[in-house]
Amino acid sequence: MVAIQDLRVGMFIHLDLGWMSHPFPLSSFKIASVEQIEIIRGLGQKQVRWSPERSDEAVAGAGSAAEALAAEAAAAQAAAATAAIAAAAKPPLDPAAEARRLAAARQAAEVAALRQCERQYGEACRDLRRVTDRVTAAPEEARDSAQQLTRAMLDKMLQDGELCVRVLGEPSGDRATAHAMNVTVISLLLARSLSMSEADLMDLGTGALLHDIGKAQLPDRVRLPRDDFSAAEQALYRDHVAQGVVLGRRMGLPTGALLVLAQHHEHADGSGFPKAVKLDAISPAARVVAMVNRYDNLCNAALPSLSLTPHEALSRMFAQSRNRFDATILSGFIRLMGIYPPGSLVQLSDERHAMVVSVNAARPLKPRVQVFEPRPSGDRTVHLDLDQVPDLGIRRSLKAEHLPVRVAECLTPRLRVAYFFDVEPAQALGQEAVAEAV
């Protein structure tokens with residue numbers, strides 16, 4: 001443990017507070033600035049755990065503030081001298097070698113960003129499970145925790161920079177938590193892009209996290225929607241909406257969040273349930289959550305064999321059921337996720353196979369993809385930012401079963417799709433970010 005007053009830039013620390021109780025992207029990280037130290041000191045902790053072996057050498061062995069400052073100064077002088085010597089001795093750059101170095105750096109930066117998203121997703125899901133576990137026994141405590149988790153995600157989404165939506169590796173844990181997190185993340189990103197107020201975003205996020213809490217009152221066999229339900233099973237399944245509203249009222253949820261629970265299965269054309277109301281009677285937040293809920297249920301069906309790829313799900317929603325959704329929200333969803341949402345399997349214009357791994361909300365038609373690259377020494381995948389390759393694009397979407405066996409084994413299409421987000425500074429993979437990666 002290290003006392004708060006002895007924190008120094010370069011220390012790798014662990015905040016044992018839970019992801020939603022602090023503004024940092026992760027609970028374990030290396031302190032990068034004096035500003036971060038001031039934020040940590042404002043969290044009310046007297047000391048924090050730290051890992052000397054993962055900290056900068058200048059502070060790893062420092063036992064006091066004075067020693068740490070002296071070590072930092074010495075390290076800075078040594079680094080400056082080393083950099084000067086290296087710059088003087090550095091041979092002229094070979095263009096081909098430099099291009100390979102930059103490509104490797106971008107690859108490393110992309111992998112690092114994905115790993116960070118997966119850790120954030122895991123922490124957020126753990127916090128959400130704690131919320132749902134407390135709904136019945138401590139409803140008001142569960143409400144407060146759900147609002148704190150929503151606030152934490154919003155604080156990260158509202159940072160300066162460009163939002164990037166990422167598909168993650170196969171999600172671990174229970175399907176209910178993964179579904180609620182998927183719906184919440186995409187709904188908040190979409191509502192943010194539609195310029196909803198922060199107050200409405202808070203209600204939307206809280207309602208999205210809890211939209212299926214009524215299913216806890218149902219038998220296991222009817223908790224997931226299926227086409228082969230009997231009439232009695234269908235009625236029982238649909239009752240989860242009313243059960244959720246009852247629980248939401250016990251929790252003391254605000255009206256905006258309660259409307260999300262009550263209306264997340266309503267449709268703009270009046271074909272939804274439980275009240276079959278039309279668009280004008282559905283709250284804006286519920287319209288967003290209802291559409292994203294449908295999208296995630298298509299991508300992550302109760303029977304995995306019936307799941308659609310993200311591109312197939314989006315295409316079906318637009319071609320067969322767009323009258324069920326608010327047209328402005330559906331258009332905003334396509335702008336946010338792109339024509340080929342993360343997780344889509346595609347063939348590029350140069351005939352290579354790939355999977356879309358992330359979409360920058362500012363450039364949805366030029367996603368980042370994981371490309372299959374056959375090699376005699378062993379097949380591999382490489383990350384490629386289509387925004388950096390003007391002449392390369394996506395030719396068509398593919399079903400997983402249409403991939404060649406070698407491609408499928410390498411790209412490993414997801415049986416369950418999970419999404420999270422990060423915020424990239426402008427030109428995040430430009431020279432500065434690449435330099436950090438190497």
(message) Just so I know, are the side chains of Pro364 and Leu336 near enough to count as touching, which here means a heavy-atom distance under 4.5 Å?
(response) no
(request) Could you give me the CA-CA distance, side-chain angles and deciding distance for Tyr237 and His265, then say whether side-chain contact (heavy atoms from CB on, under 4.5 Å) is met? (result) CA-CA 12 Å; Tyr237 167 75; His265 281 292; 3.6 Å; yes
(message) Could you check whether any side-chain heavy atom of Met181 comes within less than 4.5 Å of a side-chain heavy atom of Tyr121, counting everything from C-beta outward?
(response) yes
(message) Counting only heavy atoms not in Glu140 (residues, nucleotides, ligands), do more than 12 fall under 6.0 Å from its CD?
(response) no
(message) Measuring only between side-chain heavy atoms, which start at C-beta, is Lys156 closer than 4.5 Å to Leu154?
(response) no
(request) Flag yes if more than 12 heavy atoms outside Arg395 fall under 6.0 Å of its CZ atom; otherwise flag no. (result) yes
(request) Give a yes or no answer on whether the side chain of Thr177 reaches the backbone of Arg129 with a donor-acceptor pair at less than 3.5 Å. (result) no
(request) Could you check if a side-chain atom of Arg223 sits within less than 4.5 angstrom of a side-chain atom of Asp220, using non-hydrogen atoms only? (result) yes
(message) Between Ile186 and Met337, is the side-chain contact (heavy atoms from CB on, under 4.5 Å) condition met? List the steps.
(response) CA-CA 9 Å; Ile186 299 301; Met337 302 291 281; 4.0 Å; yes
(message) Quick one about Thr206 and Gln147 (side-chain donor to acceptor, distance below 3.5 Å, no hydrogens or angles considered), yes or no?
(response) no
(request) Check the side chains of Glu312 and Thr309 for a donor-acceptor pair under 3.5 angstrom, ignoring hydrogens and angles. (result) yes
(request) Identify which one of Val167, Val382, Val357 satisfies the side chain to side chain contact (heavy atoms under 4.5 Å, CB included) criterion when paired with Gln370. (result) Val357
(message) If you count heavy atoms of other groups shown closer than 6.0 angstrom to CZ of Arg226, is the number above 12?
(response) no
(message) Can you confirm whether Val356 sits close enough to Ile394 that some side-chain heavy atom of one is under 4.5 Å from a side-chain heavy atom of the other?
(response) yes
(request) Decide yes or no for Val48 and His14: does some side-chain heavy atom of the first lie under 4.5 Å from some side-chain heavy atom of the second? (result) no
(request) Quickly, which of Asp212, Ile213, Val241 forms a side chain to side chain contact (heavy atoms under 4.5 Å, CB included) with Leu261? Name it, please. (result) Ile213
(message) Within the structure provided, determine whether Leu209 and Met153 are in side-chain contact (heavy-atom separation under 4.5 Å).
(response) yes
(message) Taking the six-membered ring for Trp, are Tyr295 and Phe333 closer than 6.0 Å centroid to centroid?
(response) yes
(message) If we count only N and O atoms by modelled type, under 3.5 Å, do the side chains of Ser197 and Asp200 hold a donor and an acceptor together?
(response) yes
(request) Could you please spell out the steps behind the salt bridge (Lys or Arg N to Asp or Glu O under 4.0 Å) verdict for Arg221 and Glu233? (result) CA-CA 9 Å; Arg221 72 179 187 281; Glu233 288 172 330; 3.8 Å; yes
(request) May I ask you to check whether His264 and His240 place their ring centres under 6.0 Å from each other? (result) yes
(message) Nearest 0.5 Å, please: how far is CD in Gln36 from CD1 in Ile13?
(response) 8.0 Å
(request) May I ask you to decide if Val165's main-chain N or O and Ser358's side chain share a donor-acceptor pair within less than 3.5 Å? (result) no
(request) Kindly indicate, with the supporting measurements, whether the criterion salt bridge (Lys or Arg N to Asp or Glu O under 4.0 Å) is fulfilled by Lys30 and Asp56. (result) CA-CA 9 Å; Lys30 186 185 290 184; Asp56 291 347; 2.9 Å; yes
(request) With sequence neighbours excluded, tell me which residues meet ring-ring contact (aromatic ring centres under 6.0 Å, His included) with His402. (result) none
(request) Please check if atom CZ in Arg249 has more than 12 non-hydrogen atoms from other residues, nucleotides or ligands closer than 6.0 Å. (result) no
Tabulate below the donor-acceptor pairs under 3.5 Å that side-chain atoms of residues 316-324 make, not counting sequence neighbours, or state none.
residue	atom	partner	partner atom	Å
Ser321	OG	Met317	O	3.3
Arg322	NH1	Phe318	O	2.7

(message) For the OG1 atom of Thr184 and the CG atom of Leu128, what is their distance to the nearest 0.5 Å?
(response) 7.0 Å
(message) Between His311 and Ile339 (side chain of the first, backbone of the second, donor and acceptor by atom type, cut-off under 3.5 Å), is there such a pair?
(response) yes
(message) With a 3.5 Å distance limit and no angle check, can you tell me whether Ser349 reaches the backbone of Gly393 through a side-chain donor-acceptor pair?
(response) yes
(message) Just verifying a value: how many Å separate Ile31 CD1 and Ile37 CD1, rounded to the nearest 0.5 Å?
(response) 5.0 Å
(message) Assess whether a salt bridge exists between Asp127 and Arg130, defined as any Lys/Arg side-chain N lying under 4.0 Å from an Asp/Glu carboxylate O.
(response) yes
(message) So, taking the atom named CG in Leu392 and the one named NZ in Lys366, what distance separates them when rounded to the nearest 0.5 Å?
(response) 6.5 Å
(request) State whether a side-chain donor-acceptor pair under 3.5 Å links Gln148 with Asp144. (result) no
(message) Is it the case that the side chain of Glu123 and the backbone of Gln120 share a donor-acceptor pair, with hydrogens and angles ignored and the cut-off at 3.5 Å?
(response) no
(message) Would you compute the distance between atom CG of Asp391 and atom CG of Leu386 and round it to the nearest 0.5 angstrom?
(response) 11.5 Å
(message) Is any side-chain heavy atom of His353 closer than 4.5 Å to one of Glu373?
(response) no
(request) Sort out for me which residue in Met202, Met196, Met157 forms a side chain to side chain contact (heavy atoms under 4.5 Å, CB included) with Leu188. (result) Met157
(request) Give me the one residue out of Val288, Asn297, Asn293, Val260 that meets side chain to side chain contact (heavy atoms under 4.5 Å, CB included) with Val183. (result) Asn293
(request) Mark yes or no for whether Arg143, through its side chain, and Met251, through its backbone, hold a donor-acceptor pair below 3.5 Å. (result) yes
(request) Could you tell me whether a side-chain N or O of Arg416 sits under 3.5 Å from a main-chain N or O of Cys299, the two making a donor and an acceptor? (result) no
(request) Start with the C-alpha distance between Leu398 and Leu403, add both sets of side-chain angles, then the distance that settles side-chain contact (heavy atoms from CB on, under 4.5 Å), and finish with yes or no. (result) CA-CA 7 Å; Leu398 298 171; Leu403 291 176; 3.8 Å; yes
(message) Using a 3.5 Å distance criterion without hydrogens, assess whether the side chain of Arg406 forms a donor-acceptor pair with backbone atoms of Asp379.
(response) no
(message) Once rounded to the nearest 0.5 Å, what's the spacing between atom CE of Met291 and atom CG of Leu190?
(response) 5.0 Å
